[in-house]
Amino acid sequence: MKPIAKILVVLFYILFAFVEVRSQESIPFVPSPMHVVNKMLEVAEIKKGDILYDMGSGDGRVVIEAAKKYGIRGVGVDLNPELVAKARESAKKEGVNHLVEFRAQDGLTVDISEATVVTLYMFKWFNNALRPKLQKLKPGSRVIAHDFDIDDWKPDRIEYVKPPEDGSDYAESRTLYIWKIGENAGI
């Protein structure tokens, strides 16, 4: 291969790696409305001993609500250290900091093998990239994705969440995709 071609190939790989890293950094924080959070936890069929991982946990509302409502352990993972600090502060204020942990980490690199429930409100490309880790979860583990599904995974169930009638939260309807690991041949 000619030297110029080698340089172009190297530059292409560097640019591709930079775009991949930048794409994760540019994921905006859009909090799930609380009525959607509660529905996500309901369809997760949470039971004693579950461990919930919320990927892209933002202000920690899913993990904190799960700890408050169900008394389970939870781990929130978010790239933004400021949101992680806010989540830790909220957990302490809500009295559940002994049950929860928040990590400023890339969700695609974190070990989620202990999770029995994984919640996602991330772009589809992220969900697809996380799929290999989700497939390795223990049978019976549940994955709940808010608005963005996972390519080639047929959900066990789809729930449509209407906005509250009193107008107290976001006005648009939401979609939840629910999978149980080991129960669907598509997973």
Side-chain angles (χ1 to χ4, degrees), residues 20-47 49-138 141-150 153 159 161 169-170 174-179 181:
E20 188 66 27
V21 169
R22 290 290 308 151
S23 63
Q24 289 187 47
E25 291 175 1
S26 65
I27 296 173
F29 170 53
V30 179
S32 295
M34 284 310 294
H35 74 281
V36 176
V37 168
N38 288 317
K39 188 65 172 179
M40 290 174 78
L41 296 175
E42 177 189 318
V43 301
E45 300 173 356
I46 292 176
K47 56 192 178 300
D50 273 333
I51 301 171
L52 182 143
Y53 273 64
D54 185 30
M55 310 307 287
S57 58
D59 62 7
R61 62 182 59 200
V62 173
V63 176
I64 291 168
E65 191 67 16
K68 282 172 44 180
K69 235 180 175 172
Y70 300 97
I72 65 167
R73 281 187 41 226
V75 178
V77 179
D78 201 285
L79 276 175
N80 185 331
E82 292 169 7
L83 287 172
V84 168
K86 181 179 180 180
R88 288 176 180 151
E89 192 176 301
S90 295
K92 187 173 184 178
K93 183 176 147 189
E94 294 292 335
V96 295
N97 56 320
H98 63 291
L99 291 173
V100 302
E101 173 188 350
F102 293 97
R103 301 177 187 168
Q105 194 173 355
D106 177 349
L108 296 177
T109 64
V110 69
D111 177 9
I112 63 168
S113 61
E114 73 171 342
T116 55
V117 176
V118 176
T119 54
L120 302 162
Y121 187 24
M122 299 293 283
F123 289 132
K124 190 175 203 164
W125 69 261
F126 180 92
N127 294 355
N128 288 332
L130 193 62
R131 181 179 170 175
K133 289 183 179 213
L134 297 172
Q135 289 173 305
K136 293 178 183 174
L137 294 175
K138 297 175 207 101
S141 296
R142 285 86 63 211
V143 177
I144 294 76
H146 174 184
D147 280 341
F148 300 97
D149 66 350
I150 300 171
W153 266 22
E159 288 278 332
V161 184
D169 228 327
Y170 296 107
R174 305 300 178 105
T175 304
L176 300 180
Y177 300 92
I178 302 111
W179 297 271
I181 303 300

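Computed from a predicted model, the values in this text were never measured in an experiment.
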Please report the shortest heavy-atom distance between K138 and S141, naming the atom on each side.
O-OG, 2.8 Å
Sequence neighbours left out, what pairs pass ring pair (Phe, Tyr, Trp, His ring centres under 6.0 Å) with at least one residue falling in residues 93-121?
Y121-H146
Under the criterion side chain to side chain contact (heavy atoms under 4.5 Å, CB included), I'd like the reasoning laid out for L134 against I150: C-alpha separation, chi angles, the key distance, then a yes or no.
CA-CA 11 Å; L134 297 172; I150 300 171; 3.8 Å; yes
Non-neighbouring partners of N97 that pass side-chain hydrogen bond (donor to acceptor under 3.5 Å, both in side chains), sequence neighbours left out
none
Are more than 12 heavy atoms from other residues, nucleotides or ligands located less than 6.0 Å from atom NZ of K136?
no
Member of Q105, E101, M55 meeting the side-chain contact (heavy atoms from CB on, under 4.5 Å) criterion with V75
E101
Closest heavy-atom pair, K133 versus D111, reported as atoms and distance to 0.1 Å, is NZ-N, 4.3 Å
Report all side-chain donor-acceptor pairs from residues 39-47 shorter than 3.5 Å, counting only partners two or more places apart or in another chain.
from, atom 1, to, atom 2, distance (Å)
K39, NZ, E42, OE2, 3.1
E45, OE1, K180, NZ, 2.7

Heavy-atom check, side chain of R131 versus side chain of W153, under 4.5 Å
yes
With a 3.5 Å distance limit and no angle check, can you tell me whether R61 reaches the backbone of S32 through a side-chain donor-acceptor pair?
yes
Taking everything shown except E82 itself, do over 12 heavy atoms lie less than 6.0 Å from its CD?
no
For a quick test of reading the model, state the closest non-hydrogen atom pair linking D78 to N80 and the distance between them.
OD1-N, 2.9 Å
Tell me, with the steps shown, if V161 and H35 meet side chain to side chain contact (heavy atoms under 4.5 Å, CB included).
CA-CA 8 Å; V161 184; H35 74 281; 3.6 Å; yes
Rounding to 0.5 Å, atoms CE (M122) and CG (N128) come to a distance of 12.0 Å
Between V100 and A91, which heavy-atom pair has the shortest distance, and what is it?
CG2-CB, 3.5 Å
Residue pair A115 / Y53: nearest heavy atoms and the distance that separates them
CB-CD1, 3.5 Å
Could you go step by step and tell me if Q135 and I181 meet the side chain to side chain contact (heavy atoms under 4.5 Å, CB included) rule?
CA-CA 7 Å; Q135 289 173 305; I181 303 300; over 6 Å; no
Sub-4.5 Å side-chain heavy-atom contact between V36 and L176:
yes
Quick one: side chain to side chain contact (heavy atoms under 4.5 Å, CB included) partners of T175, sequence neighbours excluded?
D147, I158, Y160, Y177
When you compare the side chain of L120 with that of L130, does any pair of heavy atoms fall below 4.5 Å?
yes
State which residues pass side-chain hydrogen bond (donor to acceptor under 3.5 Å, both in side chains) with T116; sequence neighbours excluded, sorted by chain then number.
D50
For residues 62-70, which side-chain donor-acceptor pairs fall under 3.5 Å, sequence neighbours excluded?
from, atom 1, to, atom 2, distance (Å)
K68, NZ, E94, OE1, 3.1
K69, NZ, N38, OD1, 3.2

Please assess D54 against V118 for the test side chain to side chain contact (heavy atoms under 4.5 Å, CB included), listing each intermediate value before the final yes or no.
CA-CA 6 Å; D54 185 30; V118 176; over 6 Å; no
I144 and V117: which non-hydrogen atoms are nearest, and at how many Å?
CD1-CG1, 4.4 Å
Expected output: side-chain D106 to main-chain L79 donor-acceptor under 3.5 Å:
no
